[in-house]
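I'd like to ask some things about the structure below.
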Protein chains: 2
Amino acid sequence: MKLETSCIRAEADYVQILRCKEELNAVSASIEVISKVMALAGNKVRFKMLYLLQRENELCPCDFADILEMSVPAISQHLRKMKDVNVISTRRDGQTIFYRISEENKAFLTTILSNVAPERKTA
Amino acid sequence: MKLETSCIRAEADYVQILRCKEELNAVSASIEVISKVMALAGNKVRFKMLYLLQRENELCPCDFADILEMSVPAISQHLRKMKDVNVISTRRDGQTIFYRISEENKAFLTTILSNVAPERKTA
DNA sequence: AACGTATTTAAGTATTTGCTTAATTTATTA
DNA sequence: TAATAAATTAAGCAAATACTTAAATACGTT
């Protein structure tokens with residue numbers, strides 16, 4: 001692995017920099033997946049949606065629109081993004097479609113959402 | 001609290017919708033803070049930076065530039081964003097500035113970063 | 001089959017984001 | 001104090017985001 005340096009400082013720890021590059025390389029696939037989920041949950045609207053899903057188990061686009069006071073298409077587009085990455089999944093009942101957090105991501109999201117609390121700022 | 005509905009469906013659970021709105025309201029401050037941290041960590045470059053900081057304890061902009069193979073200004077701007085929200089903090093040693101994860105957010109970020117693993121996709 | 005409802009999709013647009021290059025600040029050293 | 005080095009800031013720009021409105025699907029009811 002070649003090393004292009006940005007600085008000329010004496011303290012530059014080339015061993016450390018190479019180690020870091022290799023470490024990143026080893027977990028790149030994992031980072032790819034997780035940062036994608038993080039990016040989705042990093043949007044305030046979607047974060048609220050996930051929080052609501054965790055508490056209510058399942059909700060339909062219509063519910064979200066009423067709760068968050070947003071248009072149905074706007075909600076639908078947020079849902080689509082999360083479904084595309086399998087953060088949420090769907091169940092159809094007649095013409096209403098219920099969304100829930102997919103099992104695959106439930107544990108991960110639960111740890112994050114558990115930091116949401118009424119009074120003290122957790123993070 | 002008034003309720004504007006998006007659908008006319010019979011199954012609309014107004015009690016549930018009102019409860020959700022109130023619940024969101026109760027944790028709004030918390031969500032504000034956490035989703036801001038999430039938004040920062042949701043960027044792949046910044047996620048890598050945080051991952052590196054957790055492993056290496058502290059790094060300077062120059063290190064990041066070398067490791068991530070990015071320009072120093074680009075790195076600096078990412079660092080600034082995270083510092084503005086107190087996700088990371090700084091220590092000066094001569095003309096190099098070392099960044100580390102702030103104590104305030106360490107626990108929260110550690111739980112998230114612990115999902116980064118070499119082989120299996122965790123999330 | 002025709003209509004109404006829930007949802008999605010598409011097209012358009014304003015805002016935000018993340019980089020680039022150039023200029024500036026801060027500190028060290030000759 | 002002049003030169004160099006590390007870092008930040010500023011200006012500019014291309015790409016990504018998140019909404020809007022309008023149109024299209026899918027399902028259920030009459």
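To find a chain, count down the sequence lines: A is the first, B the second, and so on, and within it residues start at 1.
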Report task. Choose from C:dC19, D:dA22, C:dA22 the nucleotide whose nearest atom is closest to any side-chain atom of B:Ala74. Result ->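 So the side chain of B:Ala74 is nearest to C:dC19.
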Separation of C:dG18 atom C1' from B:Phe47 atom CZ, nearest Å, is 19 Å
Considering only heavy side-chain atoms of B:Gln77, the closest of D:dA6, C:dT7, D:dA10 is D:dA10
Which of D:dA7, C:dT7, D:dC19 is nearest the side chain of B:Pro61? It is D:dA7
Of B:Ile75 and A:Gly94, the one whose nearest nucleotide on DNA chain D sits closer to the 5' end is B:Ile75
To the nearest 0.5 Å, atom CE of A:Met82 lies from atom CG of A:Leu53 at 7.0 Å
One should read off an interatomic distance between A:Arg19 CZ and A:Ile17 CD1, to the nearest 0.5 angstrom, of 10.0 Å
Candidates C:dT7, D:dT21, C:dT20 - which lies nearest the side chain of A:Ile97:
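That would be C:dT7.
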Picking from C:dT21, D:dC27, D:dC19, the nucleotide nearest the side-chain atoms of A:Arg92 would be D:dC27
Under 3.5 Å, is there a donor-acceptor pair between the B:Thr90 and B:Lys83 side chains?
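Side-chain D/A pair, B:Thr90 to B:Lys83: present.
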By nearest-nucleotide position on DNA chain C, the 5'-leaning member of A:Gln95 and A:Leu79 is A:Gln95
Review point. So what does A:Lys83 hit on the nucleic acid, given a heavy-atom distance under 4.0 Å: a base, only sugar-phosphate, or nothing?
Key: nothing
message: As a test of reading the structure: which of D:dT8, C:dT20, C:dT7 is closest to the side chain of A:Tyr99, going by heavy atoms?
response: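 When the side chain of A:Tyr99 is considered, C:dT7 is the closest of D:dT8, C:dT20, C:dT7.
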Nearest-Å distance, CD (A:Glu69) to P (D:dA18)?
->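 Answer to the nearest Å: 20 Å.
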>> Can you tell me if B:Arg80 has over 12 outside heavy atoms packed within less than 6.0 Å of its CZ?
In response: no
